[in-house]
Asker: 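Below are the structure tokens for one structure; questions will follow.
We count residues from 1, following the sequence as given.
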Amino acid sequence: MADKKILVLNSTGKVGRNVCRALLEAGYEVFGTTRSTRASVTGVGVKPVVCNYTLRTDLDRAFAETGAKKVFVITDYFGAARKSADLEFAQGRAAIDAAKAAGVNHLLFMSVADAEFFDEHVKHLHAKVALEKYLRESGVPFSILRPCAFFENLDDAANWNPLKRGVVKFLTMQDCKYCATYDIGRAAVIQLKDPNTWLGKTLDVIGWQGDLSQVAAALSRVSGVPVKAKLAMPIFLRRLFLKDLHHMFLYYEVQ
């Protein structure tokens, strides 16, 4: 069924994989972009489409090959855009323009919760705000998802497992909003299944709110393994070496 086809950009990334999972579970025919034929996503039921999602020509071909009239757009400031807001904006603009040319009937764009409220130092969110505006003016039928901090940042089994180390680390000990990347996919399904409600609207994706000591207590209670909360680095080092993220967390810490 053509209306069940959806193209997910950057489907092999942390967010993309779990968005694909949620869409598949909801009954959609999911096509996922991958830059390499070696990065197969077929094992989870996603149909791979070799496509550099930052290039308009590749995007046009992907829409033509799949016949998808729905698309989930993820832009990547830290990776594909090489920490350039201008390059990230170009990524998103290419996706929006290609979707318009393909006659897409629902574009879901992943932005960030409260993106417009962060100060000028939070450079990795500049393009998100500009792309929301560009999308609203594009004429493409759209919905916007605005997730917060990812739970996966606290427990990435490949890098740091708090149940093995006995410590959960983050860049702030203060109150913060969190969601799982799978929640983003579930929110996308909500918007897709009810376009009359969600076209032209935004949806914040927030699964839980609390401080890092509460995260540690929850992990300890559920697992039976004692877990302590600890800053990933002292605040003065965060300010010195991670200026962008430092100013983002300053916003959270004063809310």
Side-chain angles (χ1 to χ4, degrees), residues 6-20 31-39 41 48-66 68 71-102 104 107-140 142-150 152-153 171 181 184 188 202 205 238 241-249 251:
I6 184 166
L7 178 66
V8 177
L9 307 188
N10 196 9
S11 68
T12 58
K14 181 188 296 185
V15 175
R17 290 194 303 271
N18 279 310
V19 167
C20 287
F31 297 86
T33 68
T34 171
R35 296 191 189 206
S36 169
T37 54
R38 295 174 304 213
V41 291
V49 180
V50 178
C51 168
N52 182 338
Y53 69 93
T54 70
L55 298 179
R56 173 64 191 275
T57 51
D58 275 25
L59 289 164
D60 288 339
R61 188 179 69 251
F63 279 115
E65 287 179 2
T66 63
V71 61
F72 190 97
V73 176
I74 306 171
T75 56
D76 181 7
Y77 173 84
F78 290 102
R82 302 188 294 278
K83 297 183 179 181
S84 165
D86 289 340
L87 281 178
E88 185 184 8
F89 180 81
Q91 288 177 23
R93 181 178 59 195
I96 293 165
D97 291 348
K100 185 173 184 176
V104 162
L107 184 153
L108 296 96
F109 174 63
M110 194 183 85
S111 184
V112 174
D114 294 343
E116 70 273 29
F117 297 119
F118 293 94
D119 68 28
E120 69 278 6
H121 299 292
V122 189
K123 296 180 179 179
H124 74 281
L125 299 184
H126 289 182
K128 297 290 195 297
V129 176
L131 283 167
E132 284 193 20
K133 182 176 185 294
Y134 186 81
L135 180 56
R136 291 182 185 279
E137 296 172 351
S138 70
V140 177
F142 73 91
S143 298
I144 296 172
L145 289 161
R146 301 181 115 202
C148 48
F150 298 159
E152 287 84 352
N153 292 332
L171 289 170
T181 54
I184 301 170
T202 67
V205 185
R238 189 185 78 181
F241 294 110
L242 300 174
K243 184 177 180 180
D244 186 317
L245 293 174
H246 172 69
H247 281 271
M248 181 183 73
F249 281 109
Y251 169 81

Asker: Ignoring hydrogens and geometry, is there a side-chain-to-backbone donor-acceptor pair from K128 to A115 under 3.5 Å?
Answerer: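 Not a single qualifying donor-acceptor pair exists.
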
Asker: Working to the nearest 0.5 Å, report the span between CZ of F142 and NZ of K100.
Answerer: 13.0 Å

Asker: Quick one: ring pair (Phe, Tyr, Trp, His ring centres under 6.0 Å) partners of H126, sequence neighbours excluded?
Answerer: none

Asker: So D97 and Y134, do their side chains get closer than 4.5 Å, heavy atoms only?
Answerer: yes

Asker: Please step through salt bridge (Lys or Arg N to Asp or Glu O under 4.0 Å) for the pair E116 and K133, ending with a clear verdict.
Answerer: CA-CA 11 Å; E116 70 273 29; K133 182 176 185 294; over 6 Å; no

Asker: Between T33 (side chain only) and V49 (backbone N and O only), is there a donor and an acceptor less than 3.5 Å apart?
Answerer: no

Asker: I'd like to know if the side chain of R146 reaches the main chain of T202, judged simply by a donor and an acceptor atom lying under 3.5 Å from each other, with no hydrogens or angles considered.
Answerer: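 It does not hold such a pair.
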
Asker: Let's go through L9 and Q91 carefully: what are the C-alpha distance in whole Å and the side-chain angles of both, what is the deciding distance for side-chain contact (heavy atoms from CB on, under 4.5 Å) to 0.1 Å, and is it a yes or a no?
Answerer: CA-CA 11 Å; L9 307 188; Q91 288 177 23; over 6 Å; no

Asker: Quick one: closest heavy-atom pair of A99 and F63, and the distance?
Answerer: N-CE1, 3.8 Å

Asker: At their closest point, which heavy atom of E88 faces which heavy atom of H124, and how far apart are they?
Answerer: OE1-O, 3.8 Å

Asker: What distance separates L59 CG from N52 CG, expressed to the nearest 0.5 Å?
Answerer: 8.0 Å

Asker: Verify side-chain contact (heavy atoms from CB on, under 4.5 Å) between R17 and T181, making sure each step is shown before the conclusion.
Answerer: CA-CA 9 Å; R17 290 194 303 271; T181 54; over 6 Å; no

Asker: Using a 4.5 Å cut-off on heavy atoms from C-beta on, say whether the side chain of I96 contacts that of L107.
Answerer: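 In short, these two side chains touch, coming nearer than 4.5 Å.
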
Asker: Kindly compute the distance separating CZ (F89) from OG1 (T75), expressed to the nearest 0.5 Å.
Answerer: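 Reported value, rounded in 0.5 Å steps: 10.5 Å.
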
Asker: Could you tell me which non-hydrogen atom of C20 sits nearest to which non-hydrogen atom of S11, and how far apart they are?
Answerer: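 Shortest heavy-atom contact: SG-CB, 3.7 Å.
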
Asker: If you round to the nearest 0.5 Å, how far is CG of D86 from NZ of K123?
Answerer: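 Between K123 NZ and D86 CG, I get 11.0 Å after rounding to 0.5 Å.
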
Asker: What are the two closest non-hydrogen atoms of A62 and C51, and how far apart are they?
Answerer: CB-SG, 4.1 Å

Asker: Under the criterion side-chain contact (heavy atoms from CB on, under 4.5 Å), I'd like the reasoning laid out for E120 against H247: C-alpha separation, chi angles, the key distance, then a yes or no.
Answerer: CA-CA 9 Å; E120 69 278 6; H247 281 271; over 6 Å; no

Asker: Restricting to non-hydrogen atoms, name the atom on A68 and the atom on V104 that form the minimum distance, rounded to 0.1 Å.
Answerer: O-CG2, 4.3 Å

Asker: Does a side-chain heavy-atom distance below 4.5 Å link Y53 with D58?
Answerer: no

Asker: Quick one, F118 with V129, criterion side-chain contact (heavy atoms from CB on, under 4.5 Å). Give me CA distance, side-chain angles, the key distance, then yes/no.
Answerer: CA-CA 10 Å; F118 293 94; V129 176; over 6 Å; no

Asker: To the nearest 0.5 Å, what is the distance between CD1 on I144 and CG on L131?
Answerer: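 Between atom CD1 of I144 and atom CG of L131 there are 9.5 Å.
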
Asker: Could you list the residues that satisfy ring pair (Phe, Tyr, Trp, His ring centres under 6.0 Å) with F249, not counting sequence neighbours?
Answerer: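 With neighbours one apart ignored, the set is F170, Y252.
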
Asker: May I ask you to test the N153-K14 pair for a side-chain heavy-atom distance under 4.5 Å?
Answerer: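 A side-chain contact exists here, since the closest heavy-atom pair is under 4.5 Å.
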
Asker: Taking the side chain as C-beta and beyond, is there a heavy-atom pair between F72 and L145 under 4.5 Å?
Answerer: yes

Asker: Could you check whether any side-chain N or O of R61 sits under 3.5 Å from a backbone N or O of V50, counting only pairs where one atom can act as donor and the other as acceptor?
Answerer: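 Flag set: sc R61 to bb V50 pair under 3.5 Å.
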
Asker: Taking side chain as C-beta onward, heavy atoms only, is N18 less than 4.5 Å from E152?
Answerer: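 Yes, at least one pair of side-chain atoms sits under 4.5 Å.
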
Asker: Looking only at heavy atoms, what is the nearest atom pair of A94 and T54, with distance?
Answerer: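 A94 and T54 have their closest heavy atoms at CB-O, 4.2 Å.
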
Asker: Any side chain to side chain donor-acceptor pair (under 3.5 Å) involving residues 76-85? Give me the pairs, sequence neighbours left out, ordered by first then second residue.
Answerer: none

Asker: Between Y251 and D114, is there a side-chain heavy-atom distance shorter than 4.5 Å?
Answerer: yes

Asker: Are the side chains of R35 and T12 in touch, meaning some heavy atoms are under 4.5 Å apart?
Answerer: no

